[in-house]
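Before any comments, here is the structure.
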Amino acid sequence: MRGKLITLEGIDGSGKSTVAERLQENPEIKAFGPVFTREPTRGTLTGNAVERAIQSDTDQLAELFLFTADHAEHLAKIVKPALENGKTVISDRYSDSRYAYQGITLKTRLEDPLEWIKNLHRGWTIIPDLTFLFDIRPEVSIERCGKRGEQSKFEKLEFLRGVREIFLRLAAEDPERFIIMDASRSPEHIEKEVARKILEFLSRN
Ligand code: ADP
């Protein structure tokens, strides 16, 4: 039987990586041997290209294609083989991050960037079975990150407000797949709840 694909999504500093790390140490999660992964991928040609693009002044459309190339690489090398082996895959960021982030970066370039980017993925991506949206006010997440990923604070705040709005819209459109987590709580609390919901989901499906 094909494994399940679970994704963690949310704006920068919402605590996804912190929870992903904690889940890897959680004995009940470890017991079923999930594959932990992330986007951008680490140490690959495409993942490195994305990291460099993020750090530089790369054209936003070029950036979208780099991210999308990395998604293809991620699917081909990690996600698909693991799912075909019946493994559960837990990914820190996945396609919804593209819809939400590039939905904002491309808003002056394309008429309806969200639909356009979704269409670009159609037919070859694998839609997650379950997605946790780490929802938080950008004021709080920026405070947590300090100077990480710097732009002017105002731009960053406005930008992340837009990204958060798209994430919430995606969740509202697909309530069966999304679970919205209040990410302003402690990492312990969030991790316990995510673990419990993963275990419930896997026992039902
Ligand atoms: P993300 O992966 O969503 O960008 P991180 O997990 O890297 O976020 O967390 C960003 C920063 O916020 C880190 O310094 C981390 O220690 C801190 N942090 C993460 N989760 C919480 C939380 N629930 N409460 C307070 N601080 C947190």
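Atoms within a ligand are numbered from 1 in the order they appear, just like the ligands themselves.
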Heavy-atom nearest option to atom 10 (C) of ligand 1, drawn from S184, A183, G13: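 Among S184, A183, G13, the closest heavy atom to atom 10 (C) of ligand 1 comes from G13.
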
Heavy-atom nearest neighbour of atom 25 (C) of ligand 1 within options R38, R93, R144: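 The nearest heavy atom belongs to R144.
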
Salt bridge present between R161 and E158 (N-O < 4.0 angstrom):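 Here R161 pairs with E158 in a salt bridge, since their nearest N and O are under 4.0 Å apart.
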
Whether over 12 other heavy atoms sit under 6.0 Å from R42 CZ: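 Incorrect, the count does not exceed 12.
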
Within 6.0 angstrom of R52 CZ, more than 12 heavy atoms from elsewhere: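 Incorrect, the count does not exceed 12.
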
Ring centres under 6.0 angstrom apart (H121, W116):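 No - the distance between ring centres of H121 and W116 does not fall below the 6.0 Å cut-off.
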
Geometric N/O contact C145 with ligand 1, under 3.5 angstrom: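 For ligand 1, there is no N or O atom that lies under 3.5 Å from one belonging to C145.
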
Heavy atom of L8, distance to ligand 1 below 4.0 Å: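 Outside the 4.0 Å threshold, so no.
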
Answer with side chain, backbone, both or neither: which part of [X] has a heavy atom less than 4.0 angstrom from an atom of ligand 1?
X: T18; answer: both
X: S186; answer: backbone
X: D92; answer: neither

So, [X] and [Y]: side-chain donor and acceptor under 3.5 Å apart, yes or no?
X: T7; Y: T131; result: yes
X: T125; Y: H71; result: yes
X: D96; Y: Y101; result: no

Using a 4.0 Å cutoff against the non-hydrogen atoms of [X], which atoms of ligand 1 qualify?
X: P187; value: 21 (C), 22 (C), 23 (N), 24 (N)
X: R185; value: 22 (C), 23 (N), 24 (N)
X: D12; value: 4 (O)
X: I11; value: 3 (O)

Residues D59, R109; criterion salt bridge (Lys or Arg N to Asp or Glu O under 4.0 Å); working and verdict: CA-CA 11 Å; D59 173 74; R109 302 284 293 277; 3.0 Å; yes

